[in-house]
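Presented below is the structure to which this report refers.
In the text below, chain A, chain B and the rest are named by the order of the sequence lines, each starting its count at 1.
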Amino acid sequence: MIIDDPRSKFIFLYHPLVLMGRSYTVYQGKDMTNGEVLEYWGKWLVLGEKDKLDELAEKLDPQVENKEIPCIKYDRTPPLNLGVEECVMMVYCDRRNRDEVWKILAGFGIKMKAWVTERETMEMWLPGGLLLERWMASQDYDEATRDAVREDAGRRIAHVLDNPEETYKTWEQ
Amino acid sequence: MAVTVRVPGSLKEWFRGSDEASCQGGTLGECIDQLDHEFPGIRDRLLNEEGEIGAILIFLNGENVTKLEGLATSISDGDELGVIPFAAGG
């Protein structure tokens, strides 16, 4: 199911059950813990123009519906504020299934393989992390707001890192 | 060792309008040196001021090379390198 809400900067592809409250960070039918997400969860990256990613999303939607791919999101517009001139599609899956997911992407003509783990992503958004700092600079925040954002990001990520046995909860976007 | 290097469309200018190039070398560092001969200045695009990977993301057969051995990562014939802007990884 493609969720294209103009109020969101992302377009999402979820299984309908996710809209009913089910998690998409699931492995073999079981919700993943924070520790499992940090160890196994990640995404294949696909960069391209928005219309090309729209076409790819249509092709991938059946694989999301049949649960071969847990979740996909992609940019509505290029994240120029972060220094990226193309839209980015993130095809999420468990590392243990990523080869199967890659075969699906390759079958639709994707050539460049780029796998980024959830742990790497969190490191980019930690206080002082390159992406968090670049994003805040693009928002023109004052220093007090930046400090508050850093504190919030640090607290959220620390919670995941410090509670490996807890069921992972996805962040609202 | 012949290696294919791929970049997204927005970086095609790096390879004179192509999203693909090839290079040779036993390590990633050697590949970048060889690329810099063919495409002068590409080393400065790929590496930061300290000569390290950091300004962009480089993947060897899909794996982020910073999680391998960085510039010392061994390259084999037929390997594929992918290069994307750092922020695309987040």
When you check the gap from the basic side-chain N to the acidic O, do Arg146(A) and Glu133(A) get nearer than 4.0 Å?
no
Over-ring placement of Arg76(A) relative to Phe10(A), 6.0 Å and 45° cut-offs:
no
Chain B: which of Met90(A), Arg98(A), Glu85(A) shares the most heavy-atom pairs with it under 4.5 Å?
Arg98(A)
Could you tell me whether the side chain of Asp36(B) and the main chain of Gly41(B) form a donor-acceptor pair under 3.5 Å?
yes
Of the listed residues (Thr117(A), Val84(A), Leu82(A)), which shares the most heavy-atom pairs with chain B below a 4.5 Å separation?
Val84(A)
Looking only at heavy atoms, the pair that brings Ile75(B) and Cys31(B) closest together is CG1-SG, 4.0 Å
Which residues in residues 52-68 of chain A have any heavy atom closer than 4.5 Å to a heavy atom of chain B?
none
Side chain, backbone, both or neither: which part of Glu49(A) has an atom under 4.5 Å from a heavy atom of chain B?
neither
What do you reckon, is CG of Asp51(A) surrounded by more than 12 foreign heavy atoms closer than 6.0 Å?
yes
Run the salt-bridge test on Lys111(A) and Asp19(B) with the 4.0 Å N-O cut-off and return the result as yes or no.
no
For Leu81(B), which atoms come within 4.5 Å of any heavy atom of chain A: side chain, backbone, both, or neither?
neither
Would you please go through residues 38-48 of chain A and name the residues with a non-hydrogen atom below 4.5 Å from one of chain B, in numerical order?
Lys43(A), Trp44(A), Leu45(A), Leu47(A)
Looking at Gly54(B), Pro8(B), Pro85(B), which makes the most heavy-atom pairs under 4.5 Å with chain A?
Pro8(B)
Any salt bridge between Asp75(A) and Lys9(A), counting N to O under 4.0 Å?
yes
Does Glu49(B) CD have over 12 foreign heavy atoms under 6.0 Å away?
no
So which of Glu20(B), Glu80(B), Lys67(B) has the biggest tally of heavy-atom pairs under 4.5 Å with chain A?
Lys67(B)
Residues Glu118(A) and Arg95(A) bridged, charged N to O under 4.0 Å:
no
Test: Arg155(A) and Glu151(A) ion pair at under 4.0 Å
yes
Which one wins on heavy-atom pair count under 4.5 Å against chain B: Glu86(A), Met124(A), Lys113(A)?
Glu86(A)
Rounded to the nearest 0.5 Å, the OG1 atom of Thr73(B) sits from the CG atom of Leu60(B) at a distance of 6.5 Å
Flag this pair as yes if the NZ/CZ of Lys73(A) is under 6.0 angstrom from the six-membered ring centre of Phe12(A) and inside a 45 degree cone about the axis; otherwise no.
no
Sidechain-backbone polar pair: Ser138(A) side chain, Trp135(A) backbone, donor-acceptor under 3.5 Å
yes
